[in-house]
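Just so it is clear, the values below take in all heavy atoms, side chains as well, and ignore hydrogens, waters and symmetry mates. Residue numbering restarts at 1 for every chain, and letters A, B, ... go by the order of the sequence lines.
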Number of protein chains: 2
Amino acid sequence: MSDKPVFKQAQPGRAVEDVSLQIEAAIMGGMFLPGDKLPSERELQVQFGTGRGVIREALRILKQKDLVEVKKGSRGGAFVKEADVANASASLSLFLKQKKIDPEQLIVFRESIDKTITMLAVAQGSAEEKNRLYEKSLEFKALISEENLNMDLIGETDRMLNTLLAKMSKNPLFVWIMQAIQLGFSSYDYALYEEDHYRRLTVNNWIDTAREIKNGEIMKALSYVGYHYSLLRKCINEKNGESIDKETRCLTIEE
Amino acid sequence: MSDKPVFKQAQPGRAVEDVSLQIEAAIMGGMFLPGDKLPSERELQVQFGTGRGVIREALRILKQKDLVEVKKGSRGGAFVKEADVANASASLSLFLKQKKIDPEQLIVFRESIDKTITMLAVAQGSAEEKNRLYEKSLEFKALISEENLNMDLIGETDRMLNTLLAKMSKNPLFVWIMQAIQLGFSSYDYALYEEDHYRRLTVNNWIDTAREIKNGEIMKALSYVGYHYSLLRKCINEKNGESIDKETRCLTIEE
DNA sequence: TTCCTGTAATGGTACTACCATAGTCGCCGC
DNA sequence: GCGGCGACTATGGTAGTACCATTACAGGAA
């Protein structure tokens, strides 16, 4: 009983935070490795000298932080999870939903990230990955040429291409930020796929971008990425332009 | 009793998630505005038809998401909070701590963000902000010229300058990502301030950067930003060159 | 062997009681 | 009349118990 970590007794008034932090520290400190099972709630209750409610709330925090995963039944319990970008992405997503971010600000942010990723992808991506990206973009064109458009599949394909691109940067931070953006910002992006005109331009632009990445033409690839966001700006302006005209920006894309 | 929002009765087995999601939806839907007080735990317990423990765990989730703030005592309760970047930043910070990110990847990520912010700051920042940034950088130089160096204050000043710069982009997303980076990655950055040689170079570089931003010289400013990260890379290499332990290649991302 | 059932461990929920805290309000003394 | 102090009360925080639901596992039956 007393041979194990022996957590400190929690002090009243902030017992939940106390317990939560101690367990988190133990996980971070390597006392529990991914896949390990924490003691059962009833045992932690004894080790910390608290009620079971405190333990449950503390575990709820850790679960919310995506540090542990809880299973029911015999041999169940709280298991330490592998670190994942999903939770951090969800947090940004929540933030984006709460604050009403100006679409233009989101576009600026995303465009800068996208261009950096593109540069890195050209430099770091393997030939295989580049070919794969190009093939997928060609499949994308076939997808929107079908009779009955599957909008869900189209959105998923767009996300897939972006994720593919982000992974080619070989930098998990960009993969994370791309996921976060897709979670919190996707609705704007899909505007491009709603109308036939923009849909064709966008998909063709994906192909152009992928091709230049494959060919190692950084500047051309960046140019196409810029064109993507020019399209997006114009598309969104058109949709909003029905009611508001005065603040339409002068990005002017002539095709 | 039935005149109010009347949450749906929670279904057993996942009552906590049920309650949490319903309350979150109510907040998102504008049923509760920032500053509003949610019903007391004992009242929610009745409205949802659950035990109080379920309500407490659900509120714990919302608190963890930074959606509500809980006060004790009479007239206490759960109050809806204003959306803030702090929580999302903390999530990224946690992610960075869990995954041992390669230092070079962090530098690449941060450098790209920093350069984008710099460009936006030149374009969007007001003259007043630019002057303020420049003055603060000059004060920074005075700070490191003193007899007894206050390392905490130096670190704080560096953070302050970065935050100032991020705000000049007029884009909350960059402010957020800068906060997140500073939370999860700051101790690493401070390597530049540990040794006198790099400290002087870095601070002088801050002044150069701020001056060029003030003068609207985008390319020069970007050049100085690039120099900052050249310094950081060299500094890190030197430090690892001495006491590299081949397994301690992980930067010290601890808190 | 295979399948089924009982059993035990564990999380999920309900309920109660009590403590700690912090506003509120009214009583008391001046 | 005024000010301060103390009781009151609503509310979150914690402890403890009991019971239900789920799941893995062992041991027996076919």
- Measure the distance from CZ on R75(B) to C1' on dT11(D) and round it to the nearest whole Å. 10 Å
- Item | Value in whole Å for how far the P atom of dG12(C) lies from NZ of K63(A) | 6 Å
- Message: Just the rounded figure in Å: distance from C1' of dT10(C) to CD of E69(A).
- Response: 15 Å
- Query: Using 30° and 60° as the class limits, which term best fits the ring planes of Y193(A) and F140(A): parallel, tilted or perpendicular?
  - Reply: tilted
- With a non-hydrogen cut-off below 4.0 angstrom, is G53(B) in contact with a base, only sugar-phosphate, or nothing? nothing
- Message: Using a 3.5 Å distance criterion without hydrogens, assess whether the side chain of Q105(A) forms a donor-acceptor pair with backbone atoms of K170(B).
- Response: yes
- Starting at atom CD of E17(A), determine the distance to atom P of dG13(D), rounded to an integer number of angstrom. 8 Å
- What about F79(B) and F32(B), are their ring centers closer than 6.0 Å? no
- Message: Pick the closest DNA chain D nucleotide for L59(B) and for Q45(A) by heavy atoms, then say which residue is nearer the 5' end.
- Response: L59(B)
- Task: Among the candidates dT11(D), dT23(D), dG11(C), find the nucleotide nearest to the side-chain atoms of S74(A).
- Result: dT23(D)
- Item | Length of the CD1-P vector between I55(B) and dG12(D), whole Å | 11 Å
- Task: Measure distances between side-chain N and O atoms of R52(B) and base N and O atoms of dG13(D), and say whether any donor-acceptor pair falls under 3.5 Å.
- Result: yes
- To the nearest angstrom, the NZ-C1' distance between K72(A) and dC25(D) comes to 18 Å
- Query: Could one point to a donor on the side chain of R42(B) or the base of dG12(D) with an acceptor on the other under 3.5 Å away?
  - Reply: yes
- Under 3.5 Å: donor-acceptor pair, side chain of E129(B), backbone of S126(B): yes
- Considering only heavy side-chain atoms of E41(A), the closest of dT10(C), dG12(C), dG12(D) is dG12(C)
- Using whole Å, report how far CZ of R56(B) lies from P of dA15(D). 11 Å
- Task: Would you indicate which nucleotide in dT11(D), dA8(C), dG11(C) comes nearest to any side-chain atom of K37(B)?
- Result: dT11(D)
- Atom-to-atom span, CD of E43(B) to C1' of dT9(D) - whole angstrom: 16 Å
- Remember a base hit wins even if backbone is also touched, and classify G73(B) as base, sugar-phosphate or nothing at under 4.0 Å, heavy atoms. base
- Message: Using the rule given for salt bridge (Lys or Arg N to Asp or Glu O under 4.0 Å), can you reason through E57(B) versus R60(A), listing the C-alpha separation, both sets of side-chain angles and the distance that settles it, and then say yes or no?
- Response: CA-CA 7 Å; E57(B) 287 190 43; R60(A) 181 67 67 177; 2.8 Å; yes
